[in-house]
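Report on one structure; see the data block that follows.
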Amino acid sequence: MGSTTGDIPAEQRRILQSPPPELVAEAAANPGGSIAAIDYAYIGDPDGYVPAEAVRGVWRVGPDGKLTGEFEENPGYGPPKDDFARLTDSDHWLEWLGDPAAAVRGSNLDCLTSQAPGAVVEWVKILDDPRHLTGGPRSPERDDLRLAVSSALAVTAPGGAGAGGLNPRPVGCALSSGVG
């Protein structure tokens with residue numbers, strides 16, 4: 001549901017009254033589309049992975065490449081959260097993990113903290129359906145278990161700002177394997 005200048009927050013009204021040159025250029029490059037308003041406090045690199053929750057909303061662009069005055073707020077905007085739906089919402093072979101979400105999150109955390117003790121995984125999102133590997137790193141506990149999971153995650157360095165902090169944090173994509 002879009003909004004007009006009468007009911008959008010003051011910040012969006014100010015932007016619409018005097019749009020920054022980069023917003024005008026983006027609009028001209030995307031006639032008939034929309035431009036995402038990203039909250040950079042939740043991401044490390046705007047050219048990298050941007051979780052949906054980091055998008056405040058979108059500016060609508062008319063067919064002429066100019067802002068229409070509509071700003072559609074993202075109802076899911078806010079701190080990014082774990083998303084393990086691709087692991088837990090389908091009937092597949094992951095029952096052996098017990099709790100697939102906890103196993104993948106724990107595997108990512110173990111890998112990171114072994115390299116950077118004290119690092120904090122703020123959130124993890126599974127980006128693709130999991131794949132069973134027939135080759136790959138062997139689990140010391142279970143030689144027969146190998147799993148590849150494509151994910152995005154945000155990590156705060158030891159002593160860095162927490163999830164509520166405004167400092168940028170690295171957000172990256174990873175391929176986890178050997179979960180088990």
Side-chain angles (χ1 to χ4, degrees), residues 1-17 19-20 22-27 29-62 66-92 94 97 99-109 112 119-131 149-157 160-176 179:
M1 144 169 40
S3 29
T4 61
T5 56
D7 61 348
I8 62 174
E11 179 185 354
Q12 279 84 14
R13 210 172 15 256
R14 180 190 53 76
I15 290 171
L16 190 58
Q17 289 169 350
E22 56 273 5
L23 183 60
V24 172
E26 262 320 296
N30 293 286
S34 59
I35 302 166
I38 299 170
D39 186 338
Y40 295 103
Y42 293 129
I43 62 169
D45 176 6
D47 294 324
Y49 179 79
V50 176
E53 298 97 331
V55 178
R56 291 182 184 270
V58 294
W59 291 101
R60 296 291 175 201
V61 179
K66 295 184 180 177
L67 296 171
T68 65
E70 292 178 275
F71 183 81
E72 188 173 333
E73 293 187 34
N74 175 6
Y77 166 70
K81 299 172 187 71
D82 286 349
D83 181 359
F84 291 99
R86 290 186 176 263
L87 292 179
T88 58
D89 286 354
S90 62
D91 294 326
H92 48 58
L94 294 177
L97 286 173
D99 180 354
V104 170
R105 188 175 226 294
S107 177
N108 279 329
L109 183 60
L112 288 166
V120 175
V121 175
E122 293 187 27
W123 52 261
V124 177
K125 294 185 179 295
I126 304 303
L127 302 178
D128 220 346
D129 290 333
R131 295 177 182 89
V149 179
S150 174
S151 59
L153 58 142
V155 178
T156 301
L166 296 178
N167 294 338
R169 75 244 326 124
V171 174
C173 294
L175 178 66
S176 300
V179 176

Once rounded to the nearest 0.5 Å, what's the spacing between atom [atom1] of [X] and atom [atom2] of [Y]?
| X | Y | atom1 | atom2 | value |
| --- | --- | --- | --- | --- |
| Lys125 | Phe84 | NZ | CZ | 9.5 Å |
| Leu23 | Ile35 | CG | CD1 | 5.0 Å |
| Asn74 | Arg56 | CG | CZ | 11.0 Å |

Identify the two heavy atoms, one from [X] and one from [Y], that lie closest to each other, and give their separation to 0.1 Å.
| X | Y | result |
| --- | --- | --- |
| Thr68 | Gly62 | CG2-N, 3.3 Å |
| Val58 | Ala36 | CG1-CA, 3.9 Å |
| Ala37 | Phe71 | CB-CE1, 3.9 Å |
| Val61 | Asn30 | CG1-O, 3.4 Å |
| Pro51 | Ile43 | CD-CG2, 3.6 Å |

Do Trp123 and Tyr42 have side-chain heavy atoms sitting under 4.5 Å apart?
-> no
Please answer whether the main-chain N or O of Ala54 pairs with a side-chain N or O of Asp39 as donor and acceptor at a distance below 3.5 Å.
-> no
Any donor-acceptor N/O pair, Arg105 side chain to Val121 backbone, under 3.5 Å = yes
Applying salt bridge (charged side-chain N to carboxylate O under 4.0 Å, His left out), run through Glu53 and Lys81 and close with a yes or a no.
-> CA-CA 8 Å; Glu53 298 97 331; Lys81 299 172 187 71; 5.5 Å; no
Does NZ in Lys66 sit with more than 12 non-hydrogen atoms of other residues, nucleotides or ligands closer than 6.0 Å?
-> no
